[in-house]
*Asks:* 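Starting off with a structure, shown below.
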Amino acid sequence: MRGRDFHPRVVQRLWDTGFYRIFQIGRLQLDWSPVTALIERWRPETHTFHVPIGETTIMLQDVEVLYRLPADGLPVALPQYMRSMSRAQYLDLLQHFTGFRPHDETAASGASRMALTSIRQHLDILHLDITNETNDLHIH
């Protein structure tokens with residue numbers, strides 16, 4: 001989604017909800033050396049990393065500082081009943097709440113996962129009809 005020009009009203013909504021930073025981050029390029037080093041130092045019995053200076057763990061606040069993503073407010077959790085939903089049930093729920101359902105089955109990669117390509121295509125279609133007079137509900 002980087003490099004795309006969003007309508008200012010969409011950008012404002014993303015800022016208001018705290019999600020605009022996700023678009024700014026883009027695709028992360030991982031340096032696998034530190035990841036491998038941390039994996040080797042992970043102790044599942046204490047849920048910590050054992051490093052030369054002692055035990056440490058990564059907290060939600062660390063992620064908030066590193067990525068400048070807000071980590072305050074109410075948590076978002078997947079209700080237990082959704083964990084056992086079929087792909088069709090999940091897509092029905094997605095369509096009910098967002099008005100979006102991928103057209104081809106290849107767009108869905110699991111019951112609760114979806115290929116980003118279909119989401120990008122959907123946003124491209126939605127974005128074309130947004131003007132300064134567009135209803136707020138459509139933007140949300």
Side-chain angles (χ1 to χ4, degrees):
M1 301 305 289
R2 288 179 84 182
R4 295 176 188 253
D5 292 326
F6 288 102
H7 192 279
R9 291 182 64 200
V10 173
V11 171
Q12 185 60 50
R13 182 65 182 147
L14 290 171
W15 272 112
D16 292 346
T17 58
F19 284 109
Y20 192 74
R21 181 70 183 130
I22 293 171
F23 290 103
Q24 289 178 317
I25 291 171
R27 184 177 211 130
L28 297 176
Q29 184 64 33
L30 292 178
D31 182 353
W32 288 104
S33 299
V35 173
T36 302
L38 285 173
I39 290 170
E40 291 172 354
R41 290 170 173 80
W42 177 252
R43 300 295 179 260
E45 58 279 355
T46 58
H47 300 286
T48 58
F49 296 101
H50 287 251
V51 293
I53 59 170
E55 292 184 359
T56 188
T57 191
I58 298 172
M59 306 294 288
L60 184 57
Q61 290 82 5
D62 298 323
V63 176
E64 182 177 23
V65 169
L66 288 170
Y67 295 110
R68 294 184 307 197
L69 291 172
D72 53 351
L74 297 173
V76 177
L78 187 64
Q80 187 64 34
Y81 71 89
M82 287 184 72
R83 296 170 197 228
S84 61
M85 289 175 67
S86 69
R87 177 182 300 183
Q89 291 170 319
Y90 179 79
L91 292 176
D92 288 343
L93 191 64
L94 176 69
Q95 184 172 16
H96 174 75
F97 285 118
T98 67
F100 170 65
R101 182 184 183 115
H103 295 291
D104 58 354
E105 281 299 311
T106 60
S109 61
S112 62
R113 295 180 307 210
M114 184 174 308
L116 290 177
T117 304
S118 60
I119 296 171
R120 284 188 193 112
Q121 291 168 346
H122 178 69
L123 289 174
D124 284 341
I125 292 168
L126 281 180
H127 189 70
L128 294 175
D129 64 348
I130 294 176
T131 67
N132 290 331
E133 290 79 35
T134 301
N135 184 326
D136 284 337
L137 184 59
H138 183 73
I139 304 285
H140 295 282

*Asks:* Indicate, with yes or no, if Leu91 and Leu93 share a hydrophobic cluster defined by side-chain heavy-atom contacts under 4.5 Å among Ile, Leu, Val, Met, Phe, Trp and Tyr.
*Replies:* yes
*Asks:* Can you list everything that forms a side chain to side chain donor-acceptor pair (under 3.5 Å) with Asn135? Sequence neighbours excluded, please.
*Replies:* none
*Asks:* Suppose we screen for side chain to side chain contact (heavy atoms under 4.5 Å, CB included). Which residues come up paired with Leu38, at least two apart in sequence or across chains?
*Replies:* Phe49
*Asks:* Kindly write out the residues that satisfy salt bridge (Lys or Arg N to Asp or Glu O under 4.0 Å) with Asp62, not counting sequence neighbours, or none if the list is empty.
*Replies:* none
*Asks:* Check side chain to side chain contact (heavy atoms under 4.5 Å, CB included) between Thr134 and all other residues, then give those that pass, not counting sequence neighbours.
*Replies:* Arg9, Ile130, Thr131, His138, Ile139
*Asks:* With the 4.5 Å side-chain cut-off for hydrophobic clustering, are Trp15 and Val10 part of the same group?
*Replies:* yes
*Asks:* Which side chain to side chain donor-acceptor pair (under 3.5 Å) pairs, counting each pair once, include a residue from residues 36-46, with sequence neighbours left out?
*Replies:* Thr46-Thr48
*Asks:* Should Ile58 and Leu66 be counted in the same cluster of Ile, Leu, Val, Met, Phe, Trp and Tyr side chains packed under 4.5 Å apart?
*Replies:* yes
*Asks:* Of all residues at least two apart in sequence or in a different chain, which pass the side chain to side chain contact (heavy atoms under 4.5 Å, CB included) check with Gln95?
*Replies:* Arg101
*Asks:* Is the shortest heavy-atom distance from the side chain of Arg13 to the side chain of Asp136 under 4.5 Å?
*Replies:* no
